[in-house]
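What follows is one structure encoded as structure tokens, with my remarks underneath.
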Amino acid sequence: MIQASEITALVLAGGRGSRMGGVDKGLQNFNGTPLALQALLRLQMQQGGLIGDLMVNANRNLSAYEAFGSPVWPDTLSDYAGPLAGFLTGLERCETPYLLTVPCDSPLFPLDLAQRLAQAFDDDSTEIAMAAAREDDGQLRTQPVFCLMRVQLLESLVAFTQAGGRKIDRWTDQHRTVVVPFDRPGDDPKAFFNTNTLAELHALEKP
């Protein structure tokens with residue numbers, strides 16, 4: 001059982017934003033609020049009181065991210081190595097037993113995300129819980145950047161990335177990973193929609 005404040009939550013905002021024309025994605029506004037700040041606010045609103053600390057992973061405009069009030073840590077891997085580099089940074093800096101990762105570009109992620117992922121750890125053998133959601137074709141697909149993991153996995157991830165590994169699922173497949181579906185009646189079908197372009201971001205703002 002995960003107890004109150006045992007989770008550190010990390011907002012992943014370290015990408016190049018190449019599909020958004022190279023802009024810093026986490027600083028783009030969603031309904032008037034920068035995406036990374038929107039993510040931090042939703043993490044603060046998480047049900048269950050399981051989240052203690054908040055952090056941001058960013059690789060540029062660090063002072064802008066620091067203005068949001070949480071510690072900001074750049075990748076320890078070079079060359080914008082992807083979300084797994086953010087996982088690594090988070091595990092290195094995490095001072096609680098568990099790390100939750102969320103991307104900065106899915107501004108509607110569920111307010112019970114931490115609580116439902118944490119339930120997977122009622123089984124002591126669970127090492128990682130990963131969200132999954134139904135897409136337009138009805139298929140349930142994993143959302144690998146929405147992960148709750150034990151901080152003891154740091155050594156494993158260091159070894160994986162030092163060997164050149166960069167794919168999240170290749171690493172999580174090495175561990176006892178539980179997929180948690182977010183497809184109950186009432187779950188927002190847009191909860192895990194990630195905005196890769198400014199057009200997608202503006203479209204998601206509309207009610």
Side-chain angles (χ1 to χ4, degrees), residues 2 7-20 25-26 35-36 39 42-43 46 51 54-59 72-94 96-110 113-114 116-121 123 125-135 139-183 191-196 200:
I2 296 180
I7 295 173
T8 295
L10 175 71
V11 177
L12 300 167
R16 292 181 191 274
S18 52
R19 284 183 284 183
M20 256 189 202
K25 192 183 286 189
L35 279 169
R42 287 186 85 78
L43 289 169
Q46 287 290 303
I51 294 177
L54 298 172
M55 302 188 296
V56 177
N57 165 232
N59 289 312
V72 180
W73 303 108
D75 289 348
T76 50
L77 296 176
S78 60
D79 297 328
Y80 292 87
L84 213 53
F87 283 29
L88 181 62
T89 297
L91 287 172
E92 288 173 337
R93 299 291 181 177
C94 188
T96 58
Y98 302 91
L99 176 72
L100 172 67
T101 60
V102 301
C104 68
D105 60 358
S106 296
L108 302 176
F109 65 82
L113 175 72
R116 284 163 70 175
L117 291 179
Q119 289 169 358
F121 290 84
D123 181 339
S125 68
T126 300
E127 294 179 293
I128 300 169
M130 182 186 293
R134 296 214 178 269
E135 300 199 342
Q139 295 294 310
L140 191 67
R141 286 192 174 84
T142 55
Q143 308 291 323
V145 282
F146 288 93
C147 270
L148 178 61
M149 66 197 78
R150 295 184 186 272
V151 76
Q152 295 100 314
L153 297 181
L154 172 59
E155 188 176 333
S156 161
L157 187 53
V158 167
F160 182 79
T161 53
Q162 284 183 346
R166 295 293 182 267
K167 297 285 189 183
I168 297 174
D169 51 3
R170 293 260 178 93
W171 176 65
T172 57
D173 284 349
Q174 298 178 5
H175 294 281
R176 168 76 172 129
T177 299
V178 176
V179 173
V180 179
F182 283 75
D183 62 349
F192 294 98
F193 185 82
N194 65 302
T195 54
N196 285 314
E200 289 176 348

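Please read these numbers as outputs of a predicted model, since none were measured by experiment.
When every heavy atom of V56 is checked against every heavy atom of L10, the shortest pair comes out as C-CD1, 3.8 Å. Listed here is the closest heavy atom pair of L117 and A131: CD2-N, 3.8 Å. What you find for P110 and Q46 is that their closest heavy atoms are O-NE2, 2.9 Å. When every heavy atom of C147 is checked against every heavy atom of M130, the shortest pair comes out as SG-CE, 4.0 Å. The nearest pair of heavy atoms linking A36 to C104 is CA-CB, 4.3 Å. Pairing each heavy atom of F121 with each of A129, the nearest pair is CE1-CB, 3.7 Å.
With values rounded to the nearest 0.5 angstrom, N194 atom CG is found 5.0 Å from D105 atom CG. The structure places CZ of F193 at 10.0 Å from CD of E135, a figure rounded to the nearest 0.5 Å. Here R134 contributes atom CZ and Q139 contributes atom CD; the two are 7.5 Å apart, rounded to the nearest 0.5 Å. The CG atom of L99 sits 13.0 Å away from the CZ atom of R93 when rounded to the nearest 0.5 Å. Rounded to the nearest 0.5 angstrom, Q174 CD and I128 CD1 are separated by 9.0 Å. For the atom pair NE2 (H175) and OG (S125), the distance works out to 13.5 Å, reported to the nearest 0.5 Å.
Side-chain atoms of D123 and V178, non-hydrogen and from C-beta on, never get closer than 4.5 Å to each other. Side-chain atoms of P83 and I168, non-hydrogen and from C-beta on, do get closer than 4.5 Å to each other. Within the 4.5 Å cutoff, side-chain heavy atoms of T101 are placed close to those of M149. For the pair L100 and L43, the minimum side-chain heavy-atom distance is below 4.5 Å. Two residues are said to be in side-chain contact when any heavy atoms from C-beta on lie closer than 4.5 Å; T96 and V151 fail this criterion. Using a 4.5 Å cut-off on side-chain heavy atoms (C-beta onward), L153 and F160 make no contact.
For the side-chain contact (heavy atoms from CB on, under 4.5 Å) test with L88, the passing option among L154, N57, D75 is L154; the others fail. Of the candidates T177, L84, T161, L84 is the only one forming a side-chain contact (heavy atoms from CB on, under 4.5 Å) with W171.
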**Study point:** Derivation of the ring-ring contact (aromatic ring centres under 6.0 Å, His included) call for F182 and F146
**Key:** CA-CA 11 Å; F182 283 75; F146 288 93; 8.4 Å; no
Check your understanding: Please walk me through it: do T172 and T142 pass side-chain contact (heavy atoms from CB on, under 4.5 Å)?
Key -> CA-CA 12 Å; T172 57; T142 55; over 6 Å; no
Check your understanding: Can M55 and T89 be said to form a side-chain contact (heavy atoms from CB on, under 4.5 Å), step by step?
Key -> CA-CA 10 Å; M55 302 188 296; T89 297; over 6 Å; no
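Summarising the local packing, CZ of R176 is surrounded by more than 12 heavy atoms from other residues, nucleotides or ligands at distances under 6.0 Å.
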